[in-house]
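Numbering starts at 1 and runs along the sequence shown. Both ligands and their constituent atoms are indexed starting at 1 by order of listing. Atoms considered below: every heavy atom in the structure, side chains included; atoms not considered: hydrogens, waters and symmetry mates.
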Amino acid sequence: MPSSALAADLDAIARLKRERDAVIVAHNYQLPEVQDLADFVGDSLAMARWARQTSARVLVVAGVYFMAETASILCPDKTVLIPDADAGCSLAASITAEQLRAWKAEWPDAVVVAYVNTSAEVKAESDYCCTSSNAVDVVNAIDPERDILFLPDFYLGSHVARVTGRKNIHVWLGECHVHATIRGEDLAAKAQAHQDAELLIHPECGCTTRALALPPEGVPHHVLSTDGMIRHARQTPARTLIVATEVGLLHRLRRENPDKTFLPAQEDAVCPFMKRIDVAKIRRSLETLTTVVDVPPAVRERALIPLQRMVSIGGASAARAAS
Ligand code: 13P
Ligand code: SF4
């Protein structure tokens, strides 16, 4: 039973959604109660695709700022709201458009692939965007003879280079402060304690590179986006799964698979930016129609091209990246 304050917020949100012609799209790392009230919950790629196809006039993005910017760029006719404009991303903050321009000047013939966890200005300087769900497909779609500048996540970039076998990928040294600290040693200890378990690892994790400890020999592991983990969990015969990503994903995994056990690789892998949004802020956002996320037209026009490439390439194939 929700508390009376929560019940009042949920009633108000249902009414405001009708009045405003609004829908709510949430990321897999959002608080459980936010995921439960959303019209759609998914990974970055699925959120972007869903935002594009909805006919609602107002889109509330329960996620971090770059996700709302992405929705705004892809859906210029909708009013895109973020319930807390300070919901940033340490990974997106690890490269500026100015830094990217300087890097491009060193590699004038290279193709720039930007992870979706970047600002709109950085996307505007890029040729392709990708998410963890389709990074391998996007890189495979590029002429093998061309150098690639992959940014900003070092671990995802190294993982993609390993899976595609390309030697001409140059990777920016950025990282997500939540995933970078998920270490192979912690996974190995968990795997030791649960020998029948499978490991699911997000490619932003520090342990996905050879430089850090990978899970112990023989332990089945799969490198997947958050939606890739959801799909894998549904079909695997394994009864216990150790999940190396932000802990918010456990809510959906457990709700959809009540017969399986999901253990976090690290209990304190919590993204403080994702957790800034709560039910009360969503209500306020719908009441006041704030904060509107508007990307300046000159930036939007250029950022739209790599984003359109992102939403049209691959998506469900991250499982291919498995060990
Ligand atoms: P996904 O695209 O797998 O949802 O990841 C987004 C993200 O921010 C991971 O930290
Ligand atoms: Fe950014 Fe990391 Fe949070 Fe994902 S988990 S939104 S990459 S800070």
Side-chain angles (χ1 to χ4, degrees), residues 25-31 34-35 38 40-51 61-71 82 84-95 113-119 122 129-138 151-157 159-160 172-182 200-208 222-233 243-253 264-266 268-277 307 310-311 313-319 321:
V25 56
H27 187 264
N28 288 321
Y29 296 158
Q30 288 289 294
L31 291 168
V34 170
Q35 294 190 34
F40 181 82
V41 184
D43 69 3
S44 314
L45 185 62
M47 285 173 78
R49 285 180 174 158
W50 191 84
V61 178
V64 291
Y65 200 81
F66 75 81
M67 294 174 177
E69 271 188 341
T70 299
I82 188 158
D84 187 324
D86 291 327
C89 168
S90 57
L91 180 55
S94 68
I95 188 164
V113 179
Y115 192 31
V116 70
N117 296 43
T118 42
S119 67
V122 166
C129 286
C130 70
T131 72
S132 57
S133 213
N134 68 354
V136 169
D137 298 300
V138 167
L151 61 104
D153 192 68
F154 172 74
Y155 301 109
L156 175 65
H159 171 71
V160 170
W172 188 255
L173 271 181
E175 62 177 30
C176 152
H177 75 294
V178 181
H179 285 87
T181 55
I182 299 181
L200 306 183
I201 305 175
H202 195 278
E204 284 174 24
C205 290
C207 56
T208 54
H222 304 271
V223 180
L224 297 163
S225 71
T226 55
D227 269 10
M229 292 184 185
I230 298 278
R231 283 188 291 273
H232 182 86
V243 183
T245 193
E246 209 272 354
V247 295
L249 186 70
L250 294 167
H251 175 63
R252 211 176 139 199
L253 286 167
Q266 220 166 272
D268 61 355
V270 178
C271 174
F273 302 112
M274 285 283 179
K275 295 334 187 219
R276 291 187 69 92
I277 291 172
L307 275 174
M310 175 186 92
V311 291
I313 297 177
S317 59

Self-check item: Sole residue of Cys205, Ser90, Cys271 in side chain to side chain contact (heavy atoms under 4.5 Å, CB included) with His179
Solution: Cys205
Self-check item: Short N or O distance, Asn28 and ligand 1, threshold 3.5 Å exclusive
Solution: no
Self-check item: Parallel, tilted or perpendicular: ring planes of His177 versus Phe273, cut at 30 and 60 degrees
Solution: perpendicular
Self-check item: Verdict with reasoning, Asn28 to Asp227, per side chain to side chain donor-acceptor pair (under 3.5 Å)
Solution: CA-CA 8 Å; Asn28 288 321; Asp227 269 10; 2.9 Å; yes
Considering only heavy atoms of [X], which atoms of ligand 1 have at least one such atom less than 4.0 Å away?
X      : value
Ser225 : 3 (O)
Glu204 : 7 (C), 9 (C), 10 (O)
Ser132 : 1 (P), 2 (O), 3 (O)
His179 : 10 (O)
Asp43  : 1 (P), 2 (O), 4 (O)

Exercise. Answer yes or no: is there an ion pair linking Asp43 with Arg49, defined by an N-O contact shorter than 4.0 Å?
Key: no
Exercise. Please write down residue, atom name and distance for the protein heavy atom closest to atom 6 (C) of ligand 1.
Key: Ser44 OG, 3.3 Å
Quiz item: Can you tell me the protein heavy atom closest to atom 5 (O) of ligand 1 and the distance?
Solution: His202 NE2, 3.4 Å
Quiz item: Does some non-hydrogen atom of His27 fall short of 4.0 Å from ligand 1?
Solution: yes
Self-check item: Any Met274 heavy atom less than 4.0 Å from ligand 1
Solution: no
Practice problem: Take Ser119 and Tyr65 through the test side chain to side chain donor-acceptor pair (under 3.5 Å) and record every step on the way to the result. | Solution: CA-CA 8 Å; Ser119 67; Tyr65 200 81; over 6 Å; no
Atom [atom1] in [X], atom [atom2] in [Y]: separation rounded to 0.5 Å?
X      : Y      : atom1 : atom2 : value
His27  : Met67  : NE2   : CE    : 4.0 Å
Leu253 : Ile230 : CG    : CD1   : 4.0 Å
Leu156 : Leu151 : CG    : CG    : 10.5 Å
Thr245 : Glu204 : OG1   : CD    : 7.0 Å
Met229 : Ile201 : CE    : CD1   : 8.0 Å

Quiz item: Glu246: what forms a side chain to side chain donor-acceptor pair (under 3.5 Å) with it, not counting sequence neighbours?
Solution: Lys275
Quiz item: Protein N, O or S atoms at less than 2.8 Å from atom 3 (Fe) of ligand 2, how many?
Solution: 1
Quiz item: Between Asn117 and ligand 1, which residue portion shows a heavy-atom distance shorter than 4.0 Å: side chain, backbone, both, or neither?
Solution: side chain
Quiz item: Taking non-hydrogen atoms only, is Glu246 closer than 4.0 angstrom to ligand 1 via side chain, backbone, both or neither?
Solution: neither
Quiz item: Which atoms form the tightest heavy-atom contact between Phe66 and Ala92, and what is the distance?
Solution: CD2-CB, 4.4 Å
